[in-house]
Amino acid sequence: MIRFNEAIDQALVESITTYGQAVEQTRKTVLGVLGHDLRTPLSAVTLGVDLLSKSEEPGTRRHRIIAQIATSAKAANLMVSDLLDLARCNLGTGIPVRPESTDLTAVCKAVVDELAVAHPNAQIIFTDEEAVTGQYDPSRMAQVFSNLIGNAVRHGNAHQPIHVTVSGDGSTARFSVLNHGTPIPASALPSLFSPEGRYSKHSGEEQGTSSGLGLGLFIATQIVEGHGGTVAVESTLERGTTFSVSLPVYP
Ligand SMILES: Nc1ncnc2c1ncn2[C@@H]1O[C@H](COP(=O)(O)OP(=O)(O)OP(=O)(O)O)[C@@H](O)[C@H]1O
Ligand SMILES: [Mg+2]
């Protein structure tokens, strides 16, 4: 009985320590994002509104300013959503996934189309062998596709095409995105999918508005794992960077 109590005490101490670390990690990230990253889009919104309110800007310039405000507000909104997802993962519930009968190919195609409009210079080549349908959360899977294809657009070589494929064999659905450009260093791979790594922040390569929070891969992986799937990566200079997602197919 004493040994049993000791084991319970030990388990409690361990879980409190782990929880404490998760809280501390989340606190640091939230404060980091609030204090640093969110300021960029919010300053752009404030500046834009300021310009609009006090000047007689000509129509075309007004439209440009309004479009910039919309883009910045959307970026700020995405950051807040990502922070909430991080907090959900670190502090308890995980990212909620609500599966329903979904055509994964159509979801992916819609994301590709949206990104192609947003990045007209990117060459995104989409190959779908057939409609892959199953029980998936459509908006969360759209978030996975958007994070992974968005990464290829943002971090890959803009002059080389990006290949996106969706396929299925009845029991497994597969999605992959391949881009060229500077590979992800092997040393960054172990922490690439964890929020602690925040590899993008440590790389120092990206600055300014194009740099992200470094949470996209973590969130994408959590969503895929919430569906019982896995995410893998391969990155070399010769063969490029490929992120692959495998998901079970539940009809
Ligand atoms: N397809 C890719 N090709 C090359 N490097 C990549 C690719 N995807 C991710 N990376 C590297 O991994 C880092 C982490 O990616 P992740 O998506 O988690 O964060 P992010 O894109 O920097 O920010 P965000 O939170 O907006 O997604 C990126 O900053 C980039 O350096
Ligand atoms: Mg990203």
Side-chain angles (χ1 to χ4, degrees), residues 25-26 28-30 32-41 71-90 95 108 111-112 114-115 118-119 122-126 140-165 175-225 231-245:
Q25 169 59 37
T26 308
K28 277 192 194 150
T29 309
V30 170
V33 172
L34 292 183
H36 176 261
D37 308 81
L38 256 179
R39 284 201 174 157
T40 309
T71 306
S72 299
K74 198 173 163 199
N77 202 11
L78 274 178
M79 284 184 191
V80 172
S81 305
D82 281 358
L83 274 189
L84 280 177
D85 283 343
L86 171 78
R88 283 190 185 115
C89 293
N90 275 357
I95 296 179
C108 185
V111 170
V112 168
E114 194 183 316
L115 284 168
H119 305 274
Q123 307 168 57
I124 309 178
I125 299 164
F126 180 62
R140 287 298 187 177
M141 283 313 299
Q143 196 178 353
V144 170
F145 298 142
S146 178
N147 283 0
L148 295 179
I149 306 168
N151 274 351
V153 173
R154 192 204 263 170
H155 305 298
N157 181 336
H159 304 294
Q160 286 178 281
I162 294 165
H163 292 269
V164 177
T165 61
F175 159 84
S176 75
V177 51
L178 159 72
N179 61 272
H180 293 276
T182 312
I184 302 171
S187 60
L189 293 179
S191 60
L192 197 62
F193 298 100
S194 77
E196 291 82 16
R198 302 247 278 150
Y199 161 63
S200 67
K201 289 289 143 202
H202 296 295
S203 72
E205 281 166 19
E206 276 191 300
Q207 293 294 326
T209 49
S210 71
S211 66
L213 297 183
L215 292 178
L217 286 175
F218 167 69
I219 290 169
T221 311
Q222 293 291 314
I223 295 171
V224 170
E225 288 176 359
V231 182
V233 59
E234 219 189 283
S235 190
T236 63
L237 188 58
E238 305 73 42
R239 306 209 346 231
T241 298
T242 303
F243 281 87
S244 317
V245 172

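None of these values were measured; they are calculated from a predicted model. For ligands, and for the atoms within them, numbers begin at 1 and follow the listed sequence.
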Q: Check whether any N or O atom of His155, backbone or side chain, sits under 3.5 Å from an N or O atom of ligand 1, and answer yes or no.
A: yes
Q. Do the side chain of Asn147 and the main chain of Gly216 share a donor and acceptor less than 3.5 angstrom apart?
A. yes
Q. Judged by non-hydrogen atoms, does Phe193 sit under 4.0 Å from ligand 1?
A. no
Q) For ligand 1, which atoms have a heavy atom of Arg154 less than 4.0 angstrom away? A) 20 (P), 21 (O), 22 (O), 23 (O), 24 (P), 26 (O)
Q: Would you please test Ile149 and Phe175 for side chain to side chain contact (heavy atoms under 4.5 Å, CB included) and show each step?
A: CA-CA 11 Å; Ile149 306 168; Phe175 159 84; 3.9 Å; yes
Q: Compute the shortest N/O to N/O distance between Leu213 and ligand 1 and return yes if it is under 3.5 Å, no if not.
A: yes
Q. Which pair of heavy atoms, one from Ile125 and one from Pro161, lies closest together, and at what distance?
A. CD1-CB, 3.6 Å
Q: Step by step, work out the side chain to side chain contact (heavy atoms under 4.5 Å, CB included) result for Phe218 and Cys89.
A: CA-CA 10 Å; Phe218 167 69; Cys89 293; 3.7 Å; yes
Q.
Tell me if a side-chain donor or acceptor on Thr242 pairs with a main-chain N or O of Leu178 at a distance below 3.5 Å.
A. no
Q: Could you tell me whether Asn147 approaches ligand 1 through its side chain, its backbone, both or neither, with non-hydrogen atoms closer than 4.0 Å?
A: neither
Q.
Are any of the N/O atoms on Phe243, whether in the backbone or the side chain, positioned under 3.5 angstrom from an N/O atom of ligand 1?
A. no
Q. Would Leu192 and Phe243 satisfy side chain to side chain contact (heavy atoms under 4.5 Å, CB included), going step by step from the backbone distance to the final call?
A. CA-CA 12 Å; Leu192 197 62; Phe243 281 87; 4.1 Å; yes
(Q) List ligand 1 atoms under 4.0 Å from Leu192, heavy atoms only on the residue side. (A) 12 (O)
(Q) Whether the side chain of Thr236 engages the backbone of Arg239 through a donor-acceptor N/O pair (distance < 3.5 Å, no angle test) should be reported. (A) yes
**Q.** Per-atom contacts, ligand 1 versus Ala152 - under 4.0 Å to a heavy atom
**A.** 1 (N)
Q.
Using the side chain to side chain contact (heavy atoms under 4.5 Å, CB included) definition, which of the options Val224, Thr221, Val231, Val111 pairs with Val144?
A. Val224
**Q.** Among Val233, Leu217, Leu178, closest by any non-hydrogen atom to atom 18 (O) of ligand 1
**A.** Leu217
Q.
Contact between ligand 1 and Gly214 is defined here as a heavy atom of the residue under 4.0 Å from a ligand atom; is it met?
A. yes
Q.
Counting only nitrogen or oxygen atoms and a 3.5 angstrom limit, does Ile184 reach ligand 1?
A. no
Q. Does Asn151 bring an N, O or S atom to under 2.8 Å of the Mg ion (ligand 2)?
A. yes
Q: Begin from the C-alpha positions of Ser235 and Thr241 and carry the test side-chain hydrogen bond (donor to acceptor under 3.5 Å, both in side chains) through to its verdict.
A: CA-CA 4 Å; Ser235 190; Thr241 298; 2.7 Å; yes
Q | Polar atom proximity, Thr182 to ligand 1 (N or O, under 3.5 Å) | A | no
(Q) Checking contacts here: is it the side chain or the backbone of Asn179 that comes within 4.0 Å of ligand 1, counting heavy atoms only? Could be both or neither. (A) side chain
(Q) Quick check: Leu215 and ligand 1, any N/O pair under 3.5 Å apart? (A) yes
Q. Hey, mind stepping through Asn179 and His163 against side chain to side chain contact (heavy atoms under 4.5 Å, CB included) and telling me if it holds?
A. CA-CA 7 Å; Asn179 61 272; His163 292 269; over 6 Å; no
